[in-house]
Amino acid sequence: MISKAFTARLARGQAALVPYVTAGYPERGSTLGVMEALADAGADVIELGVPFSDPLADGPTIQHASFVSIGKGMTVHGVLDDLASFRARRDTPVVLFTYLNPLLRYGLTAFLRDAVAAGAHGLLVTDLPTGSDPQIEAEITASPLDLIRLVAPTTPVERVPEVAKGGSGFLYYISRMGVTGTRTELRTELAAEVGRIRAAVELPVAVGFGISSPEQAAAVAAVADGVVVGSAIIQALDRGGAAEAGRFLASLRKQMDG
Amino acid sequence: MTPADATATQRFGPYGGRYVPETLIHALDELTEAYAAAGLDAEFRSSLAALLKDFAGRPTPLYHARRLGQAAGHASVYLKREDLNHTGAHKINNTLGQALLAVRMGKRRIIAETGAGQHGVATATACALFDLDCVVYMGEEDVQRQALNVYRMELLGAEVRPVGAGTRTLKDATNEAIRDWVTNVGTTHYIIGSVVGPDPFPRMVRDFQSVIGHEAREQILEAEGRLPAAVVACVGGGSNAIGIFHAFVPDAGVELVGVEAAGEGLDSGHHSASLAAGSPGVLHGSLSYLLQDSDGQVAPAHSVSAGLDYPGVGPEHSFLKDTQRARYTSATDDEALDAFHRLSELEGIIAALESAHAVAHVLAHGRTYAGPVVVCLSGRGDKDVAHVARIEGRGSLL
């Protein structure tokens, strides 16, 4: 489902658009409305964030969203319930974006089973880099879920194929050093870096971390197979709720396709 | 050794690992290789040995605390005086080693997290010595509890960045330090202060701290002509405990006792006893015992001592617990405060509140050991004096 969503865009000469939202933000009951707005505004894949108390790969925006969501009672079961509600109404593929500990506590086998049942298509675990835990990685790979792998600017070129090997769906390239969060400028080396990675792997390559404007999204779309937008979606939610998040995403889509 | 072996992740049984963002993997590989190479380099080892002797003041004494022993039910108690190190705690053993390694790796910027401030001070000190830029992350609550150490770090030329997120203590300071490292990993070395974090940190910090136990083992053999019945140390992240335990691990007859912070009591929910009351989970890059709720969210820790106020624990301690090579118990805030007073009055030693937890265990249970007991007095208590006075309603005096 996920790679098909990318292929469909690529067939039209376009890049896929992948928005991220923290489940249960800003309210416990917000998730469904936000996901529908994103799906209807042109999301090809949605990353649904499982909030965690210690999100060490995230900047202030997603940290705040995570703390609010947990504070209002969101749980892993709650995230899966919200996903099931969305799945009953839309077909857009969903990647669960999470840290490892909530999965371990839930029980990995049970989590994979329940995530599939709720309608997830992929799983991205920020603190499970390739090779860190072969047993856990193998169990995820053997499940129906795509394991979304990350490549960083610090990943040595020779490690890229190894990272991609265990992954499916798409490969996520972290466009800059650091944590999630919006930035005003993209690095000039980005096009060359993405080019090297695309040459080394079969999977579509999406780029994320720091993309906050239609112009940036279009610039990334010109060099990559997909564009991931996270903190900027949360900020749009803060400005004007699900409707504003949808309008913002549509503005990215328009500029990317223009 | 092939390059693959040099960078292979090591674990303690199932515990430890490298559960970190991909961005850090290359830096951890580089650090692992650099650390392995440094260990084989006689010049590195002799530089570090000279610094520990001439700058930190090692070896630290093993002091026979007779009045404390008497108060503990006629036990024979020895204190390993890590409080007499330069900067007042064992933390300097690790920061000198890691700073020397950072220089060797060409990293000129150092970051660190700190709880009580002792590791921050020890890091700032090593950075002053080696002329390295130093940024220390410290929870806002700890900045208030340990104001003296904040100023001390600033005197030493470090920048202290208060962390207002989450619990505003050591856990969140560590999160923020890791975020900094992810952002600046090309120029920056992260000097973790305890035996926590992703591999190779837990074993590297253990190695740098193991000087405590190697000295103590020789000293007790010289003083008593035999090994101790037990070695006792407080456990937050667990660096002083691993440091003193390590040399004694092969000595099966020596009981290793870690004392966690029971805070307001293990049943109160306000404590830091990850080994006694937690369950295995992943925090700060490694799998280890962890205080967490039923949903896998990390639970807030509590201790009167900022240095023990941490919901995780070093992965090697989890392994020592499961294999029953070490035993882990706890002391409450009140017991630690009582031990803080009694050690001051009995021996003329004002211990850190962290170390007071180990002293509290000996006061309560010293008589149960069949031979001499070695207690790691990991730090001195000057930093805690104002805090204790405040707790006892005498804050206006200071």
Side-chain angles (χ1 to χ4, degrees), chain A residues 50-60 63-64 66-67 69-71 73-79 98-107 111 125-136 149-156 159-160 162-163 172-174 176-181 209, chain B residues 3-4 7-9 11 14 16-30 163-167 171-172 174-188 197-199 279-288 290-300 311-312:
Chain A
V50 177
F52 181 50
S53 56
D54 294 82
L56 52 78
D58 286 301
Q63 282 177 50
H64 174 73
S66 303
F67 294 150
S69 171
I70 294 167
M74 184 49 96
T75 62
V76 179
H77 282 101
V79 175
T98 184
Y99 289 81
L100 183 57
N101 199 55
L103 270 57
L104 295 180
R105 188 68 178 178
Y106 191 101
F111 177 83
V125 189
T126 55
D127 51 357
L128 186 71
T130 300
S132 61
D133 197 315
Q135 200 177 333
I136 292 175
R149 287 306 201 179
L150 293 107
V151 170
T154 50
T155 305
R159 180 172 154 85
V160 173
E162 183 194 332
V163 170
Y172 188 138
Y173 184 60
I174 299 168
R176 62 176 170 78
M177 304 294 285
V179 294
T180 60
F209 276 42
Chain B
T7 58
T9 303
R11 287 177 183 258
R18 275 188 187 174
Y19 301 95
V20 293
E22 169 68 23
T23 308
L24 293 179
I25 293 299
H26 183 59
L28 292 171
D29 282 343
E30 277 183 342
V163 177
T167 58
K171 170 180 81 96
D172 293 275
T174 307
N175 287 338
E176 210 53 41
I178 293 173
R179 290 183 188 114
D180 182 314
W181 203 33
V182 172
T183 308
N184 301 298
V185 66
T187 59
T188 300
D199 183 76
S279 55
V282 169
L283 177 68
H284 298 149
S286 64
L287 177 71
S288 193
L290 178 64
L291 297 178
Q292 55 181 322
D293 69 14
S294 59
D295 211 43
Q297 308 295 349
V298 179

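- With a 4.5 Å cut-off on non-hydrogen atoms, A:V151 touches chain B through its backbone but not through its side chain.
- With rounding to the nearest 0.5 Å, the separation of CG in A:D133 from CZ in B:R11 is 5.0 Å.
- With A:R105 contributing its side chain and B:D293 its backbone, the two residues share a donor-acceptor pair below 3.5 Å.
- With a threshold of 4.5 angstrom between heavy atoms, A:P60 does not approach chain B through any atom at all.
- The distance from the CG atom of A:D127 to the CZ atom of B:R18 is 14.5 Å, given to the nearest 0.5 Å.
- Contact of A:T126 with chain B is made through the backbone alone, with heavy-atom distances under 4.5 Å.
- Between chain B and the options A:L104, A:T130, A:T75, the largest number of non-hydrogen pairs under 4.5 Å is found for A:T75.
- At a 4.5 Å heavy-atom cutoff, A:Y106 makes no contact with chain B through either its backbone or its side chain.
- In this view, B:T167 and B:T169, B:K171, B:D172, B:P300 satisfy the side-chain contact (heavy atoms from CB on, under 4.5 Å) rule, not counting sequence neighbours.
- Only the side chain of A:R159 has a heavy atom closer than 4.5 Å to any heavy atom of chain B.
- In terms of modelled atom types and a separation under 3.5 Å, the side chain of A:S132 and the main chain of B:Y19 share no donor-acceptor contact.
- Nearest approach of A:V76 to B:D295, heavy atoms of both residues: N-OD2, 3.0 Å.
- Under the 3.5 Å distance criterion, the side-chain polar atoms of B:Q297 are matched with a main-chain donor or acceptor of A:S53.
- Of the listed residues B:G166, B:S294, B:A299, B:A165, the one with more heavy-atom pairs under 4.5 angstrom with chain A than any other is B:S294.
- Per-residue heavy-atom pair counts under 4.5 Å with chain A were compared for B:D180, B:I25, B:I178, B:L283, and the maximum is reached by B:I25.
- Applying the side-chain contact (heavy atoms from CB on, under 4.5 Å) test between B:T23 and each of A:T154, A:L150, A:V179 identifies A:T154 as the sole match.
- Residues A:P55 and B:R179 are in side-chain contact: their nearest non-hydrogen atoms beyond the backbone lie under 4.5 Å apart.
- Scanning for side-chain contact (heavy atoms from CB on, under 4.5 Å) contacts around B:S288 gives B:V313, B:P315, B:S318, with sequence neighbours left out.
- A distance-only check finds a donor-acceptor pair linking the side chain of A:N101 to the backbone of B:V282 [under 3.5 Å].
- In terms of heavy-atom pairs under 4.5 Å with chain B, the best-connected choice from A:V125, A:L103, A:D58 is A:D58.
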